[in-house]
Structure formats: structure tokens, C-alpha cells
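All values below were derived from every heavy atom in this structure, side-chain atoms included, with hydrogens, water molecules and symmetry-related copies excluded. The residues of the chain are indexed from 1 along the displayed sequence.
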Amino acid sequence: MAKIEADVYLGLVHNPIYNKLGEVITTTVTNYDLHDIARAAKTYDINKYYIINNLKSQQELVERVRDYWTGGRGADYVYNRHQAFSVLEIASELEEVKEEIRKETGQEPLLIATDAREYPNTISYKDMRSELQQIDRPFLIIYGTGYGLTKEMVADCDYVLYPIWGRGDFNHLSVRSAASIIMDRLLSDPWWEA
């Protein structure tokens, strides 16, 4: 299997999101999600990694963290963190991200949801990797925070990736872990063919 050349974008959705009671809320930004997912996104050559949060205070927090690591003392102190944060962008809602991708690429992105549940349009990682190689359109992979993406948001996606299962029956990964595993499954060099 050849190297994946597709334009791939990530979106970490903070609204609308479920809480543990099934209510729709806006979650807060987690510092680890900014750092760890940005580092993984840069490693896997993601075009852009969007933090999607409609709260101005949360957007300002992300801007302060990004500015510190890309232009402040942090950029001098840890240079590769500057590189990682170069892919980080901020948006108020998913539609804004899709519009930016349309402007940048001239094409409508295919939307891929991640979830711990299966849906009628759930796709395996092997098949999604094949789609990434064959379809000449940008791809936007969205991850939910809190207790996951709303059913309506998932229903609007072109694909839903199969849940991540390890060897056991526990299935409650942090979004940072899930993002890294998914990027590796979809975008890594095909080491198994060597």
C-alpha cells in the first residue's frame, strides 16, 4: 500500500457535545489536547488541526497558548513545539472549518467522525485508508470531547470510523490517545509491507 498523499484536516469539537447526562453542552479546552494532538498532527503531516469552540474566552485561551509557543519565549525554549503549533487553528463551529477547507482546496471536504459506537455508515480503518488513497478530495476527521459528538453531527458525516478496541473490553480512551491511534492507523507508512 502506497503512502497517503491526501489533504487531511483534524477538528477537535467542543460544541455541540454530550455530557455524561446526555445533555448538549460546550466543553472547555484542555491544555494537553492542544499540545499532544498538535504534535501528533505535525508528525502525520496533517494540513491543519482546528480547535472548534464557540466561546470567545476559550478561543482567547487557545490563542494565548499558541502565541506563546509560536512567537513568545516558548518558541525559543522548545523549538519543535513551535513547529507542532504551526498547524493549530481556531474556529467557532464546524461549518466555519468546512468553509475554510473549501476556500483552501476548492473542494468540499469529506467528513469523517470518530466515535466509540457503531453507526450504519461505520467504516473500517483498512477501508478508510483505501478511500484516502483513491478519492481526490480533502478529508476532515472530527473528534469529540466530553462524552462525544451529537448524533446529529455524526449523522451528517460521510463516514464514521470503527471504534478503537484493544485486547480487552475497556473502551474509554482520552481524545489525545484516540487521535494518535487513528492518525497512525490511517496515515502511517505501511510498515507491515516491509
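Note on V8: it does not cluster hydrophobically with V97, by side-chain heavy-atom contacts below 4.5 Å among ILVMFWY residues. Both I142 and Y50 sit in one connected hydrophobic cluster of ILVMFWY residues. Membership requires side-chain heavy atoms under 4.5 Å apart, directly or through other members. Y125 is connected to L10 through a chain of hydrophobic side-chain contacts under 4.5 Å among Ile, Leu, Val, Met, Phe, Trp and Tyr, so both are in one cluster. I141 and M153 fall into different hydrophobic clusters, where Ile, Leu, Val, Met, Phe, Trp and Tyr residues are linked whenever their side-chain heavy atoms come under 4.5 Å apart, directly or through other members. Hydrophobic clustering places I182 together with L110 (ILVMFWY residues linked when any side-chain heavy atoms are closer than 4.5 Å, directly or through intermediates).
Closest approach of R129 and D189 over heavy atoms only: NH2-C, 4.2 Å. The shortest non-hydrogen separation linking I164 to N171 is O-OD1, 3.2 Å. Heavy atoms only, all atoms of each residue included: L186 and I4 are closest at O-CG1, 3.4 Å. In plain terms, the two heavy atoms of L149 and G144 that are nearest each other are CD2-CA, 3.7 Å. Closest heavy-atom contact between I46 and V87: O-CG1, 3.8 Å. Scanning both residues, S92 and E96, for their nearest heavy atoms gives N-OE1, 2.9 Å.
Ring orientation note: the planes of W69 and F85 are close to parallel, at an angle under 30° on the 30°/60° scale.
Within 6.0 Å of CG in D45 there are 12 or fewer heavy atoms belonging to other residues, nucleotides or ligands. More than 12 heavy atoms of other residues, nucleotides or ligands shown are found within 6.0 angstrom of CG on N31. Annotation: W191, atom CH2; neighbour count of heavy atoms from other residues, nucleotides and ligands within 6.0 Å does not exceed 12.
Side-chain contact check for V65 versus H35: some heavy-atom pair is nearer than 4.5 Å. Annotation: side chain of Y49 is not in contact with side chain of K42 (no heavy-atom distance under 4.5 Å). At a threshold of 4.5 Å between non-hydrogen side-chain atoms, the residues R176 and T30 count as touching. At a threshold of 4.5 Å between non-hydrogen side-chain atoms, the residues T70 and H82 count as touching. R81 places a side-chain heavy atom less than 4.5 Å from the side chain of R39. By the 4.5 Å heavy-atom criterion applied to side chains, T28 and L55 are not counted as neighbours. When side chains are defined from C-beta on, L161 counts as touching I123, because their heavy atoms get closer than 4.5 Å. Put simply, the side chain of P109 reaches to within 4.5 Å of the side chain of R102, judged on heavy atoms.
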request  = Take Y147 and I17 through the test side chain to side chain contact (heavy atoms under 4.5 Å, CB included) and record every step on the way to the result.
outcome  = CA-CA 7 Å; Y147 280 75; I17 288 295; 5.9 Å; no

query = Passes side chain to side chain contact (heavy atoms under 4.5 Å, CB included), I90 versus R66? Steps please.
reply = CA-CA 10 Å; I90 305 159; R66 181 183 60 189; 4.0 Å; yes

request  = For side chain to side chain contact (heavy atoms under 4.5 Å, CB included), just list the numbers for D158 and N121, CA-CA rounded to whole Å, side-chain angles, deciding distance to a tenth of an Å, and then say yes or no.
outcome  = CA-CA 7 Å; D158 299 288; N121 57 339; over 6 Å; no

task = Using the side chain to side chain contact (heavy atoms under 4.5 Å, CB included) rule, take M183 and T43 through it: C-alpha gap first, then chi angles, then the decisive distance, then the call.
result = CA-CA 9 Å; M183 281 185 266; T43 299; over 6 Å; no

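With rounding to the nearest 0.5 angstrom, the CD atom of E131 is 3.5 Å from the OH atom of Y159. Rounding to the nearest 0.5 angstrom, the gap separating the CG atom in D115 from the OH atom in Y143 is 12.5 Å. Distance check: S174 OG to D33 CG gives 7.5 Å after rounding to the nearest 0.5 Å. Taking SG from C157 and OH from Y119, the interatomic distance works out to 9.5 Å, rounded to the nearest 0.5 Å. The structure places CD of Q59 at 7.5 Å from CG of N54, a figure rounded to the nearest 0.5 Å. Between atom CG of residue D136 and atom CG of residue D7 there is a gap of 8.5 Å, rounded to the nearest 0.5 Å.
Looking at T26 and H14, their side chains never bring a donor and an acceptor atom within 3.5 Å of each other.
When each of V24, V13, D156 is checked for a side chain to side chain contact (heavy atoms under 4.5 Å, CB included) with T150, only V24 meets the rule. Checked against Y9 for a side-chain hydrogen bond (donor to acceptor under 3.5 Å, both in side chains), the options E104, K48, E100 give a single hit: E104.
In this structure a side-chain-to-backbone donor-acceptor pair under 3.5 Å is present from N19 to E23. With E118 contributing its side chain and P163 its backbone, the two residues share no donor-acceptor pair below 3.5 Å.
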